[in-house]
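Remarks on the structure that follows.
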Amino acid sequence: MAAASVTRSGLHEAQPFHFDKKFVVLSDWDGTITTCDSNDYLTDNYGMGNEQRVQLNKDILEFDRSGQTRGISFKDGFELMLQSIYDSGHSLGDCKTYLTKRSDGFIEFKKFCDTNDVPFTIVSSGMDELIRAVLDELAKGSNQDVVKDIAIVSNGVRYDETGKWHITWRHPESPYGHDKSRAILPYQEYRKEHHGHGPTIFFFGDGASDLSAAEHADVLLVKVTGIDERDNLKQHCDKAGIPYIPFLDFKAAKDIIEKIISGEKSKEDFLVKPTVLMN
């Protein structure tokens, strides 16, 4: 069966669903593929500042842990962060020039996926214009062909009559704004309808925006930096008892995925199982 796509009224890029493949990689962007989170960087340096932003992230985690009875949703918290940036007078064009980032091993990882017929899609709660600008910068020169086919499933941007920019949520009815579990669930439904046949889904993430996807991935890979304020997804998985594979960068991730898809090792050989650790 060929890849299928789902769109939202033409406002956001379609997500390709590769039901005919053996493996599919879905990855968060900020802080996962990149070495820093662009939204955090912009908020810390051109918006409300680090202290308020870190507290909002804690409130977002509390929102999920409490069953949405305390704290603040990711959507509402993220809007406050973005509001603080454009209230400070920074255009989206300014934000693009502020972002100078690198990614350890990502281009090589994407080449590995291409060689092994593993589709790769970015699933992000950021904004497509910023992601594409930085992605193109990462892949200057001969690497342009490596990234040009990457689908970006994210939120969008709109400009009002004054020229002010605003985020357009992919799933405005969701407390996440972009509910990343919806990038995974169609694969699970496909397997149910086809007697268990369908691709294995690897999901890569690091932060609060990845919480909705964490429990649904077949193989969850969590970026772990050792810095508490950056390791929100790890903290959530540890407390919720969600098994995951830790990784530091895409050089390490490539070695892990290569061993799993070749059959040399299984995901069980790499998994951290928090429920076991807490006993």
Self-check item: Backbone of Phe112 reached by a side-chain donor or acceptor of Asn116 within 3.5 Å
Solution: yes
Practice problem: Please name the pair of heavy atoms, one in Ile131 and one in Gly126, separated by the smallest distance, quoted to 0.1 Å. | Solution: CD1-C, 4.2 Å
Quiz prompt | Side-chain heavy atoms of Ser27 within contact of Ile33, under 4.5 Å | solution = yes
Practice problem: To the nearest 0.5 angstrom, please state how far the CE atom of Met127 sits from the CD1 atom of Ile167. | Solution: 5.5 Å
Quiz prompt | Donor on one side chain, acceptor on other, Trp169 and Glu79, under 3.5 Å | solution = yes
Exercise. Identify the heavy atoms of Pro199 and Lys21 that sit nearest to each other, and give their distance.
Key: CB-O, 3.1 Å
Quiz item: What is the distance from atom OG of Ser84 to atom CG of Leu80, rounded to the nearest 0.5 Å?
Solution: 8.0 Å
Practice problem: Verify, without hydrogens or angle tests, whether Trp29 (side chain) and Ile152 (backbone) share a donor-acceptor contact under 3.5 angstrom. | Solution: no
Quiz item: Can you name the closest pair of heavy atoms from Lys223 and Thr35 and give their distance?
Solution: NZ-CA, 4.1 Å
Quiz item: Does the ring center of Phe204 lie less than 6.0 Å from the ring center of Phe247?
Solution: yes
Exercise. Mind running salt bridge (Lys or Arg N to Asp or Glu O under 4.0 Å) on Lys110 and Asp145 for me, showing each step along the way?
Key: CA-CA 11 Å; Lys110 176 57 168 57; Asp145 287 343; over 6 Å; no
Quiz item: Is the distance between the ring centroids of Tyr86 and His166 less than 6.0 Å?
Solution: yes
Quiz item: So, for Tyr176 and Phe74, is the gap between ring centers shorter than 6.0 Å?
Solution: no
Quiz item: Out of curiosity, Asn155 CG to His12 NE2, how far, rounded to the nearest 0.5 Å?
Solution: 5.5 Å
Quiz item: Judged by modelled atom types alone, do Gln235 and Asp231 share a side-chain donor-acceptor pair under 3.5 Å?
Solution: no
Quiz item: For Lys111, which residues count as a salt bridge (Lys or Arg N to Asp or Glu O under 4.0 Å) partner, sequence neighbours excluded?
Solution: none
Exercise. Determine yes or no for a side-chain-to-main-chain donor-acceptor pair under 3.5 angstrom, with Asp59 supplying the side chain and Gly71 the backbone.
Key: no
Quiz prompt | Evaluation steps, side-chain contact (heavy atoms from CB on, under 4.5 Å), between Asp210 and Lys180 | solution = CA-CA 7 Å; Asp210 304 311; Lys180 295 183 181 182; 2.6 Å; yes
Quiz item: Quick one: do Val54 and Leu61 end up in the same hydrophobic cluster if we chain Ile, Leu, Val, Met, Phe, Trp and Tyr together by side-chain heavy atoms under 4.5 Å apart?
Solution: no
Quiz item: So, Thr200 versus Asp218: side-chain donor-acceptor pair below 3.5 Å or not?
Solution: no
Self-check item: Asp238-Tyr244 side chain donor-acceptor pair, cut-off 3.5 Å
Solution: yes
Exercise. Report, as yes or no, whether the 6.0 Å neighbourhood of atom NZ on Lys251 holds more than 12 heavy atoms from other residues, nucleotides or ligands.
Key: no
Quiz item: Taking the six-membered ring for Trp, is the centroid-to-centroid distance between Phe106 and Phe120 below 6.0 Å?
Solution: yes
Self-check item: Taking every non-hydrogen atom, the tightest pair across Asp160 and Thr162
Solution: OD1-OG1, 2.6 Å
Quiz prompt | Asp179 versus Ser212, side-chain donor and acceptor atoms under 3.5 Å | solution = yes
Quiz item: Passes salt bridge (Lys or Arg N to Asp or Glu O under 4.0 Å), Glu173 versus Arg182? Steps please.
Solution: CA-CA 13 Å; Glu173 72 286 354; Arg182 301 188 197 182; 2.8 Å; yes
Self-check item: Residues that Lys267 engages under side chain to side chain contact (heavy atoms under 4.5 Å, CB included), provided they are two or more places apart
Solution: Val219, Ile245, Ile260, Leu271
Quiz item: Shortest non-hydrogen contact from Ala14 to Val153?
Solution: O-CG2, 4.4 Å
Quiz item: Ring centres of Phe17 and Tyr190 under 6.0 Å apart?
Solution: no
Exercise. State whether the side chain of His178 and the backbone N or O of Ser124 hold a donor-acceptor pair below 3.5 Å, judged by distance alone.
Key: yes
Quiz item: Is there a side-chain hydrogen bond (donor to acceptor under 3.5 Å, both in side chains) between Asp206 and Thr32 once you walk through the steps?
Solution: CA-CA 6 Å; Asp206 76 311; Thr32 301; 3.0 Å; yes
Quiz item: So, Gln188 side chain and His216 main chain: donor-acceptor pair closer than 3.5 Å or not?
Solution: yes
Quiz item: In Å and rounded to the nearest 0.5 Å, what is the CD to OG distance from Glu215 to Ser181?
Solution: 8.0 Å
Practice problem: Ignoring hydrogens and angles, state whether a donor on the side chain of Asp64 or Gln68 is under 3.5 Å from an acceptor on the partner side chain. | Solution: no
Quiz item: With a 3.5 Å cut-off and no angle check, do the side chains of Asp128 and Ser154 form a donor-acceptor pair?
Solution: no
Self-check item: Interatomic spacing from CG in Asp269 to CD1 in Ile256 - rounded to 0.5 Å
Solution: 11.0 Å
Quiz item: Which heavy atom in Ser209 sits nearest to a heavy atom in Asp28, and how many Å separate them?
Solution: OG-OD1, 4.0 Å
Self-check item: Other residues, nucleotides, ligands: >12 heavy atoms within 6.0 Å of Glu268 CD
Solution: yes
Self-check item: Distance (rounded to the nearest 0.5 Å) between Lys254 NZ and Ile257 CD1
Solution: 11.0 Å
Quiz item: If you group Ile, Leu, Val, Met, Phe, Trp and Tyr by side-chain heavy-atom gaps below 4.5 Å, do Leu220 and Ile184 land in one group?
Solution: yes
